[in-house]
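Below is one structure, written out as structure tokens; comments come after it.
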Amino acid sequence: MLVLGIETSCDETSAAVVENKVWVRSNIVLTQTKLHEPFGGIVPEIASRKQMEFIAPVVQQALSDAGVTWRDLDAIAVTNRPGLIGSLVVGVSFAKAVALAHNLPLIPINHLEGHVFSVFLRERDEGRGTRGEEQTTGNRQDWEFPFLCLLVSGGHTELIWVKDVGDYEVLGRTRDDAAGEAFDKVARALGLGFPGGPAIDKASENGDPNAIAFPRADLTPSLDFSFAGLKTAVVRYLKGLEERLKRKPNPTVADIAASFQEAVVDMLLTNLERAAELTDAERVAVVGGVAANRRLRQKLLSLAEKRRWQLALPELKWCTDNAAMIACAASFRMERGLAQPNLLFDAYAVAEINDAHP
Ligand code: KG4
Ligand code: ZN
């Protein structure tokens with residue numbers, strides 16, 4: 001089974017060919033970060049215009065890298081929710097056109113479901129040689145349902161009990177900002193630029209994570225998250241910084257970044273641990289852009305060891321937005337008879353993972 005995936009939900013234009021559900025034959029990701037950088041964030045209109053410019057060559061490249069033609073494909077999968085509506089519409093319209101032209105089934109996929117399935121992705125040349133961290137944290141060939149999934153991206157922070165394909169129970173979610181959003185906003189306040197996650201990750205390298213005791217929101221007994229208070233605490237801290245700098249010892253930007261990051265990681269892992277206890281989970285996965293965070297990965301590895309979890313922590317390229325995860329989710333749905341190919345579906349800016357599959 002060969003599925004072409006198309007993902008244009010935000011500022012990445014991505015296309016991928018996935019074989020037999022999990023094997024990535026090609027995955028092209030064209031990111032627009034540099035174009036949005038001067039604005040300090042993603043400008044939706046620029047994002048959608050660039051999607052329109054890039055989509056055709058990116059799809060062509062994915063097919064040629066995989067060594068396949070339209071005729072070899074069994075289906076096309078496209079992200080239709082949630083995301084920036086202008087960007088989504090480009091991918092969906094393009095996918096509808098090529099599905100119609102080549103008489104291929106078209107499967108709309110929820111971006112959040114795509115992230116969850118990133119844990120299954122594999123490459124033919126994997127295991128050939130050592131690539132450091134991936135040895136322990138790359139995708140595992142023995143991965144199966146059910147598993148507990150912490151989805152941490154720019155728009156979402158959710159704890160999902162993944163029972164089976166299409167069977168998800170959301171145990172907790174953020175009540176305000178997503179973790180990635182908090183990284184981006186705090187990075188801006190610190191003058192670290194955009195995108196904020198990688199900038200804080202880097203800036204914190206030489207910082208002391210215990211330099212400043214930023215607050216950790218505790219919403220017990222619920223498994224929800226809240227990051228707005230932490231963000232405000234950092235901003236308030238920065239306002240009083242001039243006074244503080246007169247005193248010794250001086251906090252550095254690295255200290256502030258590291259202390260903020262530590263608070264986010266602590267909050268994520270505290271709830272993950274509680275959710276794992278509640279569900280008696282043996283398998284735990286962490287996916288989405290923020291899963292690329294090095295401090296989170298480091299602390300997660302020791303927690304998994306302590307708790308004896310089987311851990312799926314995808315390689316960095318599968319954490320951030322990519323079309324391979326979209327093709328993978330569609331392939332699992334097709335195998336289970338849960339895909340409903342059609343050409344008559346819409347794109348939605350807002351959606352939950354459990355929203356009815358159109
Ligand atoms: O999953 P993703 O690529 O796109 C969405 O679906 O939102 O996630 C993007 C988010 C951004 O907020 C970005 O700042 C964050 O992931 N991110 C990171 C790191 N790399 C990306 N956050 C913390 N540490 C990182 N290394
Ligand atoms: Zn995403």
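Only a predicted model underlies this, so the values are computations on that prediction, with no experimental measurement involved. Just follow the structure's listing: the first ligand is 1, and inside any ligand the first atom is 1.
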### Message
Has T174 got a side-chain atom pairing as donor or acceptor with D176's backbone, closer than 3.5 angstrom?
### Response
yes
### Top protein contact for atom 2 (P) of ligand 1, by heavy-atom distance
D321 OD1, 3.5 Å
### Task
Kindly identify the option in G197, G180, A199 whose heavy atom sits closest to atom 18 (C) of ligand 1.
G197
### Task
Output, by chain and residue number, all protein N/O/S atoms separated from the Zn ion (ligand 2) by less than 2.8 Å.
H111 NE2, H115 NE2, D321 OD1
### Query
So is G155 in contact with ligand 1, going by heavy-atom distances below 4.0 Å?
yes
### Message
Considering both backbone and side-chain atoms of D201, is one of its nitrogen or oxygen atoms within less than 3.5 Å of a nitrogen or oxygen in ligand 1?
### Response
yes
## Note on the structure
On a heavy-atom basis, the closest approach of A324 and V18 is O-CG2, 3.7 Å
### Query
Looking only at atom types and distance, does a side-chain atom of Q261 sit under 3.5 Å from a main-chain N or O of A258, one as donor and one as acceptor?
no
### Task
Select the closest option to atom 15 (C) of ligand 1 among N293, T31, I42, V290, judged by heavy-atom distance.
V290
### Message
Check whether K96 reaches the backbone of F345 with its side chain - one donor and one acceptor, N or O, closer than 3.5 Å.
### Response
yes
#### Entry: Heteroatom proximity flag, R294 to ligand 1, N/O under 3.5 Å
no
### Query
Are the aromatic rings of F120 and F145 close, with centres under 6.0 Å apart?
yes
### Query
For the side chain to side chain contact (heavy atoms under 4.5 Å, CB included) test, which of V290, V287, V162 pairs with L151?
V287
### Task
For D184, counting its heavy atoms only, list the atoms of ligand 1 lying under 4.0 Å from any of them.
11 (C), 12 (O), 13 (C), 14 (O)
### Query
NZ of K163: more than 12 outside heavy atoms within 6.0 angstrom?
yes
### Part of T320 within contact of ligand 1 (heavy atoms, under 4.0 Å)
both
### Task
Answer yes or no for H111: is there a heavy-atom contact with ligand 1 below 4.0 Å?
yes
### Query
Purely on distance, is any nitrogen or oxygen of G289 under 3.5 Å from one on ligand 1?
yes
### Query
Tell me: protein heavy atom nearest atom 10 (C) of ligand 1, and distance?
G154 N, 3.5 Å
## Note on the structure
Of all heavy-atom pairs linking E352 and N110, the shortest is O-ND2, 2.9 Å
### Query
Can you list the ligand 1 atoms lying under 4.0 Å from a non-hydrogen atom of H115?
1 (O), 6 (O)
### Query
Between L2 and R25, does a side-chain contact (heavy atoms from CB on, under 4.5 Å) hold up when you go through it step by step?
CA-CA 9 Å; L2 273 180; R25 290 269 295 255; 4.3 Å; yes
### Task
Find the distance between NZ (K231) and CG (D177) and round it off to the nearest 0.5 Å.
4.0 Å
### Query
At what distance, to the nearest 0.5 angstrom, does CG of L84 lie from OG1 of T8?
9.5 Å
### Summary
side chain to side chain contact (heavy atoms under 4.5 Å, CB included) test vs Q51 passes for just one of D11, T13, L30, namely T13
